[in-house]
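Order of listing sets the numbers, starting from 1, for every ligand and every atom in it.
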Amino acid sequence: MPPVFTDNSYARLPDRFYARLAPTPVTAPKLVKLNGALALQLGLDPEFLASPEGVEILAGNRVAEGSEPIALAYAGHQFGNFVPQLGDGRAVLLGEVVDTTGVRRDIQLKGSGPTPFSRRGDGRAALGPVLREYIISEAMFALGIPTTRSLAAVITGDPVIRENVMPGAVLTRVASSHIRVGTFQFFAARGDKEALKLLADHVIARHYPGTQSYRELFERVIERQAQLVARWLGVGFIHGVMNTDNVSIAGETIDYGPCAFMDAYHPETVFSSIDQTGRYAYGKQPQIAGWNLARLGEALLPLLAEDQDAAVEIANDVLKSYGGIFGAAYLAALRRKFGLFTEQENDAELAQSFLKLLADNGTDHTQAFRRLSDGTVRGLFEEPAGYDAWEIRYRERLALEPQDEATRRAAMLAANPLYIPRNHKVEEALAAAIQEDDYGPFERLVAVLAKPFEERPGLEAYAAPQSADEARRYRTYCGT
Ligand code: AMP
Ligand code: MG
């Protein structure tokens with residue numbers, strides 16, 4: 001049964017929200033990965049999607065029934081500089097489906113050819129970044145972190161030219177929507193208040209039902225963004241390119257480019273080759289999210305009040321809450337990691353001193369929390385004296401908890417993953433696929449990461465960090 005797009009709400013917005021165009025066909029489409037479970041959740045037929053006709057749709061060679069393909073317009077601050085027009089330069093929204101839980105989801109092809117927003121780009125994606133996004137977005141989902149999903153990866157048969165010639169590929173991405181902070185900025189920069197209002201109303205209906213005012217919309221976006229970044233920090237995720245065009249208004253992780261997971265805990269960790277100044281370092285992410293939200297506040301000004309000064313006052317007033325909301329979300333995430341069910345005054349300090357021990361010792365973030373959960377973390381410290389002192393305080397703190405030890409351990413093992421997308425494992429999977437057309441390592445990695453909290457024998461290599469030396473040299477590249 002082919003997919004049918006029955007109700008494309010974004011395509012009903014005015015023409016200036018997008019450009020209408022079909023994906024550009026490719027030479028020899030071949031399916032390399034289909035997410036069958038996700039297809040079923042979306043009410044799509046995995047068997048059809050894997051059939052030659054289905055693959056033609058996933059490659060952009062055939063337009064499905066009811067699909068009204070569009071490339072979305074948006075703007076954005078890239079590394080702090082405002083670009084008034086970005087837009088989907090290599091992606092096309094095929095349409096929307098309502099999934100089996102009643103949630104409306106966008107289905108988009110990424111790497112589907114040039115659009116009016118391509119600027120100098122070729123509109124295409126290379127296989128490596130497509131598989132990388134597949135692996136990491138699905139890992140984030142399994143970790144319980146709001147994210148876009150990956151439905152399929154198709155190779156095109158057409159080479160793309162990057163640093164080297166690479167196989168081209170198309171990713172089918174699924175999102176609550178592809179509306180970004182930069183979408184609001186696009187219309188704000190044009191002084192198009194009518195479009196801003198239409199967009200805000202669309203976002204309220206779709207993502208924040210029940211919202212009574214644009215001020216409240218801003219508050220709710222801030223809440224979700226704060227929650228999201230708190231969850232990122234909890235698993236050591238570094239987005240790598242938190243430009244405002246890469247910030248989903250629905251609060252999902254979106255636009256996986258040079259992202260990576262940190263090994264040894266250090267707030268200054270950066271992997272992205274294009275992030276020379278560490279603007280988007282691990283520990284900067286909360287602050288940057290606040291900066292991005294301030295840009296959203298600016299874009300929303302015309303909707304907040306008729307009078308400009310009054311609007312600025314409202315925006316500032318709302319923005320002031322971000323620090324507190326983020327702090328609370330982060331502390332809640334930390335409490336879960338430390339197995340603390342109750343709230344005590346010194347919890348933040350206790351958590352921070354553990355993190356400082358990790359930073360001082362170059363200890364692996366994921367392993368440290370996992371082994372704190374099973375009681376074997378001491379062995380990770382070469383010089384355990386500092387840890388021993390900390391542990392005395394931790395034990396005193398745990399004595400204030402009503403839960404018994406078994407309950408706490410179980411909760412901690414369900415909050416602290418054993419398997420994350422380790423950089424060397426991701427690279428190994430991509431290299432085998434690209435160089436040898438061998439998708440075994442990719443498939444195995446995806447399967448391991450689908451159950452990140454469940455220890456299974458024989459998977460030790462997936463839980464091990466790359467060496468400190470490798471980690472220092474590791475660089476990620478933008479998906480372009
Ligand atoms: P990104 O850094 O991937 O979030 O992309 C930033 C902007 O560049 C977006 O407008 C993209 O659509 C555009 N872009 C990225 N790669 C390409 C490409 N290969 N061809 C055309 N546009 C691209
Ligand atoms: Mg982007």
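- Both cation-pi conditions hold for Arg190 and Phe186: the charged atom is under 6.0 angstrom from the six-membered ring centre and inside a 45 degree cone around its axis.
- Ion pair Asp7/Arg104 flagged as a salt bridge, since at least one NZ, NE, NH1 or NH2 atom sits closer than 4.0 Å to an Asp/Glu carboxylate oxygen.
- Summarising the geometry of Ala305 relative to Ile314, their closest heavy-atom pair is CB-CD1, 4.1 Å, with the distance given to 0.1 Å.
- Sorted by first then second residue, the salt bridge (Lys or Arg N to Asp or Glu O under 4.0 Å) pairs that include residues 180-189, not counting sequence neighbours, are Arg180-Asp255.
- Between Gly87 and ligand 1, at least one pair of N/O atoms sits closer than 3.5 Å.
- Judged by distance alone, the side chains of Thr147 and Glu252 never bring a donor and an acceptor atom under 3.5 Å apart.
- Of all atoms in ligand 1, numbered sequentially from 1 with element shown, those under 4.0 Å from a heavy atom of Arg119 are 7 (C), 8 (O), 10 (O), 13 (C).
- Residues passing the salt bridge (charged side-chain N to carboxylate O under 4.0 Å, His left out) test with Arg422 are Asp263, Asp364, sequence neighbours excluded.
- Residue Asn246 has at least one N or O atom closer than 3.5 Å to an N or O atom of ligand 1.
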Which atom pairs, one a donor and one an acceptor, fall under 3.5 Å between side chains of residues 434-450 and the rest of the protein, sequence neighbours left out?
unit_1: Asp438; atom_1: OD1; unit_2: Gly440; atom_2: N; d: 2.8
unit_1: Glu443; atom_1: OE1; unit_2: Lys33; atom_2: NZ; d: 2.8
unit_1: Glu443; atom_1: OE2; unit_2: Lys33; atom_2: NZ; d: 3.4

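- Between the side chains of Arg173 and His178, at least one donor-acceptor pair of N or O atoms lies under 3.5 Å.
- Each of the atoms 18 (C), 19 (N), 20 (N), 21 (C) of ligand 1 lies under 4.0 Å from some heavy atom of Gly123.
- Counting only protein atoms, the N, O or S atoms lying less than 2.8 Å from the Mg ion (ligand 2) are Asn246 OD1, Asp255 OD2, ordered by chain and residue number.
- Considering both main-chain and side-chain atoms, Arg124 comes within under 3.5 Å of ligand 1 through a nitrogen or oxygen pair.
- Taking every heavy atom of Gln78 and a limit of under 4.0 angstrom, the matching atoms of ligand 1 come to 6 (C).
- Residues Gln108 and Thr172 have side chains that never bring a donor and an acceptor to within less than 3.5 angstrom of each other.
- A donor atom on one side chain and an acceptor atom on the other are not found under 3.5 Å apart for Ser272 and Arg475.
- Between the side chains of Ser137 and Thr148, no donor-acceptor pair of N or O atoms lies under 3.5 Å.
- Of the heavy atoms in Phe117, none comes closer than 4.0 Å to ligand 1.
- Between Gly89 and ligand 1, an N or O atom pair is found at a separation short of 3.5 Å.
- Looking only at atom types and distance, the side chain of Ser150 has no donor-acceptor partner in the side chain of Glu133 under 3.5 Å away.
- At a heavy-atom distance under 4.0 Å, no atom of Gln85 approaches ligand 1.
- Residue-ligand proximity: Arg120 is placed with every non-hydrogen atom at 4.0 Å or more from ligand 1.
- Proximity to Ser118 (heavy-atom distance under 4.0 Å) selects the following atoms of ligand 1: 21 (C), 22 (N).
- Counting atoms of ligand 1 from 1 in the listed order, those under 4.0 Å from a heavy atom of Arg162 are 19 (N).
- Residue-ligand proximity, Asp255 to ligand 1, at heavy-atom distances under 4.0 Å covers atoms 4 (O).
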